[in-house]
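Notes follow the structure.
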2 protein chains.
Amino acid sequence: MHSPELLKGTLQTIILKVLKDHGKMYGYEITQRVKELSCDRILVTEGALYPTLHKLEAEKILKTETVMMGRRVRKYYSLTPEGKNLAKARVSEFVDFIKTMSNVLQVQMT
Amino acid sequence: MHSPELLKGTLQTIILKVLKDHGKMYGYEITQRVKELSCDRILVTEGALYPTLHKLEAEKILKTETVMMGRRVRKYYSLTPEGKNLAKARVSEFVDFIKTMSNVLQVQMT
DNA sequence: ATTAATACATAAGTGATTTATGTATTAGAA
DNA sequence: TTCTAATACATAAATCACTTATGTATTAAT
């Protein structure tokens with residue numbers, strides 16, 4: 001598991017990019033996807049995830065579709081056009097940040 | 001300037017690595033060094049810097065030497081042996097984190 | 001002379017995230 | 001068949017690194 005401090009500020013970027021790559025996803029699915037992609041090193045907690053999803057929905061960055069799976073509610077999230085732009089921007093912002101950090105820490109990220 | 005959210009959690013790593021590379025440094029010098037290395041994209045604020053330096057000193061990760069420059073006090077910080085180990089650990093922790101993020105965000109950091 | 005830069009310091013406020021808690025369904029193991 | 005773990009949502013209090021604001025004082029520049 002990675003230091004929780006370093007994760008701070010990356011949650012929105014992660015959510016947006018995973019949604020961009022996988023289309024419609026529900027909350028729990030996002031946590032599992034991230035867990036898998038990160039080899040169990042990034043565990044998105046529900047307490048962080050759901051408020052963030054709700055916030056992004058309120059900001060029209062995500063839109064939702066609620067589906068009944070048998071008796072269980074499932075809420076699918078997907079990017080709005082605005083959200084697609086933001087996803088792109090957030091990822092390149094992160095890449096830029098890493099480039100800067102490479103210079104400051106004098107390390108090679110390969 | 002980079003998103004302040006992404007910077008969160010990187011301050012200690014930055015301070016430790018810069019001190020490792022440059023030996024004895026005083027607070028203001030650290031802010032300038034980081035500003036320079038980051039091409040003005042990371043500005044370490046004093047409100048974040050000094051409390052962190054004091055904390056690391058209290059934890060025996062840094063040691064200090066106070067010098068009078070004319071009439072002005074200058075407090076030089078340097079790594080203790082423990083601090084050198086921590087610096088190394090923090091940097092490789094950061095590199096690992098970036099590798100994980102590359103997988104999650106599916107981007108190449110080169 | 002006045003402003004900007006140098007150089008330290010601390011305290012209140014912010015806000016994303018953690019931790020804790022709650023509800024309910026479904027699958028699997030003993 | 002009953003209990004546990006996994007699935008699936010949600011919210012609220014607490015934390016803590018960091019921002020913002022403020023303070024003091026020296027030195028250099030215009």
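These figures come from a predicted structure and were not determined experimentally. Note that these values count all heavy atoms, side chains included, but never hydrogens, waters or copies made by symmetry. Residue numbers begin at 1 in each chain, while the letters A, B, ... track the order of the sequences.
Residue B:Arg33 holds its CZ atom at 14.0 Å from CD1 of B:Ile42, rounded to the nearest 0.5 Å. A:Thr64 contributes atom OG1, which lies 12.0 Å from atom CG of A:Leu56 (distance to the nearest 0.5 angstrom). One distance of note links CG of A:Leu16 with CG of B:Leu105; it measures 10.0 Å at 0.5 Å rounding. Rounding to the nearest 0.5 Å gives a distance of 10.0 Å between CE of B:Met101 and CG of A:Leu6. Rounding to the nearest 0.5 angstrom, the gap separating the NZ atom in B:Lys20 from the CD1 atom in B:Ile15 is 16.0 Å.
As rounded to whole Å, 12 Å separates atom C1' of C:dA7 from atom CD of B:Glu29. Atoms CE (B:Met68) and P (C:dA7) sit 13 Å apart, rounded to a whole Å. Spacing between atom OH of B:Tyr76 and atom C1' of C:dA7 amounts to 11 Å, rounded to whole angstrom units. Note: NZ (B:Lys8) to C1' (C:dT18) measures 14 Å, nearest angstrom. Rounded to an integer number of Å, the gap from B:Leu6 CG to D:dC18 C1' is 14 Å. Separating the CZ atom of B:Arg33 from the P atom of C:dA7 is a distance of 15 Å, rounded to the nearest angstrom. Distance B:Glu5 CD to C:dT14 C1': 11 Å, rounded to the nearest Å.
Applying the salt bridge (charged side-chain N to carboxylate O under 4.0 Å, His left out) test to pairs two or more places apart or on separate chains, those with a residue in residues 86-96 of chain B are B:Arg90-B:Glu93. Here salt bridge (charged side-chain N to carboxylate O under 4.0 Å, His left out) pairs that include residues 4-17 of chain B, with residues two or more places apart or in two chains, are B:Lys17-B:Asp21. Annotation: salt bridge (charged side-chain N to carboxylate O under 4.0 Å, His left out) contacts involving residues 39-59 of chain A, sequence neighbours excluded, comprise A:Lys35-A:Asp40, A:Lys55-A:Glu59.
Within residues 13-27 of chain B, no residue approaches DNA chain D, by heavy-atom distance under 4.0 Å. Of the residues in residues 41-60 of chain B, those lying under 4.0 Å from DNA chain D by heavy-atom distance are B:Thr45, B:Gly47, B:Ala48.
Put simply, A:Arg71 has no side-chain N or O that comes within less than 4.0 Å of OP1 or OP2 on C:dT25. The shortest distance between the side-chain N/O atoms of B:Arg72 and the OP1/OP2 oxygens of D:dT27 is not below 4.0 Å.
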Can you give each donor-acceptor pair under 3.5 Å made by side-chain atoms of residues 69-81 of chain B, sequence neighbours left out, with the distance rounded to 0.1 Å?
residue: B:Arg74; atom: NH1; partner: B:Tyr76; partner atom: OH; Å: 3.3
residue: B:Arg74; atom: NH2; partner: B:Tyr26; partner atom: OH; Å: 3.3
residue: B:Thr80; atom: OG1; partner: B:Lys60; partner atom: O; Å: 2.7
residue: B:Thr80; atom: OG1; partner: B:Ile61; partner atom: O; Å: 3.2
residue: B:Thr80; atom: OG1; partner: B:Glu82; partner atom: N; Å: 3.4
residue: B:Thr80; atom: OG1; partner: B:Gly83; partner atom: N; Å: 3.0

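Residues A:Leu11 and B:Lys75 both approach DNA chain C. Their nearest nucleotides, taken by heavy-atom distance, put B:Lys75 toward the 5′ side.
Looking at heavy-atom distances under 4.0 Å, B:Thr10 makes contact with sugar-phosphate atoms alone, never a base.
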